[in-house]
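Worksheet: one structure, shown below.
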Amino acid sequence: MKPLTVGNDYHSDILKRFNRDVEEHEMTVLHDDGLYRHLRFAAPKTSIGWFSIITTPGQLTIFGDMGTFVFARLQDMFEFFMGNGYVNAGYWAEKLQAVDRNSDVREHSEDLFKRWVLENFWEQREEYEPDVAAQIWADIRDSLFDPYEDTSAAGRHALLARFHSSGFQYHDSWELNWDEYGFRFLWCCHAILAGIRHYNEARLAVAA
């Protein structure tokens, strides 16, 4: 399958992974009648990374190895997804109608959590004597960055609530979140864009 290239992609790591996963994918058109389409994309000798795109008037469903997501917006959903020419995850997520139970649209990010902990400490460090601040930071590293602790969102909130070092503690952390769009959701968004482009190019080639 031709690599997907996007001029203004905000998820370059996902794009690279997607292109690697579908490098040998081929398209099979199972149904093509106006707004009623069923396209399947898979590598010839494996089911890893396969996906199907189904459209009916006003709705598009993608399902496969990376989960199932159902979107609704325009009569021709191909027009909707090709409108920006790139993955607009926030806007696209607003058009979701259904998601399978194993595919979270957003998920906890340890990177965002650690970044917030660092920035939060950095903003408050001057309120403490240097040796005290150094001890607080050492306690933060030992406790909050412990890889053996529960790294789920709930686990991180509980850990912050328990943390106390030399008067340094976290208040109202339950109101915070450190989530971002999930890997499977973003992968499928790129798959939709790539699948539609591949389909349109194939139709143009036949017409020529």
Side-chain angles (χ1 to χ4, degrees), residues 3-23 48-49 51 62 64-69 84 86-96 98-194:
L4 175 64
T5 56
V6 181
N8 297 314
D9 193 84
Y10 301 102
H11 315 281
S12 58
D13 53 336
I14 304 295
L15 176 60
K16 291 177 183 177
R17 168 65 185 273
F18 171 77
N19 281 332
R20 187 169 64 249
D21 288 345
V22 303
E23 186 176 10
I48 296 176
F51 64 94
I62 180 170
D65 205 23
M66 290 294 177
T68 301
F69 300 90
N84 294 316
Y86 64 92
V87 172
N88 190 343
Y91 183 54
W92 292 5
E94 294 175 0
K95 310 311 173 187
L96 277 168
V99 179
D100 75 72
R101 60 185 179 183
N102 297 317
S103 302
D104 293 330
V105 176
R106 298 186 68 89
E107 57 190 27
H108 173 72
S109 167
E110 270 296 282
D111 288 341
L112 292 181
F113 170 75
K114 291 178 178 179
R115 188 185 311 162
W116 178 85
V117 169
L118 174 60
E119 293 174 351
N120 179 267
F121 169 76
W122 192 255
E123 291 172 357
Q124 302 184 61
R125 74 193 190 288
E126 294 184 354
E127 299 177 12
Y128 302 87
E129 293 297 324
D131 59 331
V132 176
Q135 183 58 54
I136 293 173
W137 179 243
D139 292 340
I140 287 175
R141 291 200 318 269
D142 292 342
S143 178
L144 301 186
F145 296 165
D146 184 350
Y148 296 102
E149 290 285 353
D150 182 358
T151 58
S152 68
R156 286 321 196 187
H157 280 297
L159 196 60
L160 289 176
R162 296 195 304 267
F163 183 83
H164 187 282
S165 175
S166 302
F168 184 95
Q169 59 189 120
Y170 297 93
H171 301 282
D172 302 321
S173 63
W174 292 102
E175 299 176 0
L176 303 173
N177 75 76
W178 307 277
D179 62 0
E180 60 185 358
Y181 288 107
F183 169 76
R184 290 158 68 92
F185 173 68
L186 291 175
W187 194 99
C188 284
C189 286
H190 284 85
I192 292 171
L193 195 59

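Note that the coordinates shown come from a computational prediction; the quantities given were computed from them, not determined experimentally.
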| Going by atom types only, do Ser152 and Asp150 share a side-chain donor-acceptor pair under 3.5 Å? |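 Side chains of Ser152 and Asp150: pair found under 3.5 Å.
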
| field | Any donor-acceptor N or O pair under 3.5 Å, side chains Asp139, Gln135 | value |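 Result is yes, a qualifying pair exists.
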
Taking atom [atom1] of [X] as the centre, report whether more than 12 heavy atoms of other residues, nucleotides or ligands fall under 6.0 Å from it.
| X | atom1 | value |
| --- | --- | --- |
| Glu127 | CD | yes |
| Glu110 | CD | yes |
| Leu176 | CG | yes |

Distance in Å, [X] [atom1] paired with [Y] [atom2], rounded so as to fall on 0.5 Å steps:
| X | Y | atom1 | atom2 | answer |
| --- | --- | --- | --- | --- |
| His190 | Arg17 | NE2 | CZ | 13.0 Å |
| Arg184 | Met66 | CZ | CE | 7.0 Å |
| Asn120 | Leu160 | CG | CG | 8.5 Å |
| Glu94 | Tyr91 | CD | OH | 7.5 Å |
| Arg141 | Ile136 | CZ | CD1 | 12.5 Å |
| Arg106 | Leu186 | CZ | CG | 9.5 Å |

Nearest atoms (heavy-atom pairs only) where [X] meets [Y]:
| X | Y | result |
| --- | --- | --- |
| Ala161 | Ser173 | N-OG, 4.4 Å |
| Trp92 | Val87 | CH2-CA, 3.8 Å |
| Leu159 | Ser143 | CD2-O, 3.4 Å |
| Cys188 | Ile62 | O-CD1, 3.5 Å |
| Thr151 | His108 | O-CD2, 3.0 Å |
| Leu112 | Asp179 | CD1-O, 3.6 Å |

| request: Run the salt-bridge test on Glu149 and Arg156 with the 4.0 Å N-O cut-off and return the result as yes or no. | output: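 No, this pair does not count.
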
| Donor-acceptor under 3.5 Å (Asp100 side chain, Thr68 main chain) | yes

Any side-chain heavy-atom pair from [X] and [Y] closer than 4.5 angstrom?
| X | Y | result |
| --- | --- | --- |
| Asp146 | Asp142 | no |
| Tyr86 | Leu15 | no |
| Leu193 | Phe18 | no |
| Phe163 | Val117 | no |

| said: Consider side chain to side chain contact (heavy atoms under 4.5 Å, CB included). Of Val22, Asp21, Asp65, which one does Phe51 pass it with? | reply: Val22

| Of Phe183, Tyr181, Trp187, which is the lone residue that meets ring-ring contact (aromatic ring centres under 6.0 Å, His included) with Phe185? | Tyr181

| request: Check the angle between the aromatic planes of Phe113 and Phe145 and answer parallel, tilted or perpendicular using the 30° and 60° thresholds. | output: perpendicular

| request: Kindly write out the residues that satisfy ring-ring contact (aromatic ring centres under 6.0 Å, His included) with Trp174, not counting sequence neighbours, or none if the list is empty. | output: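 Counting only residues at least two positions away or on another chain, Trp174 forms a ring-ring contact (aromatic ring centres under 6.0 Å, His included) with His157.
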
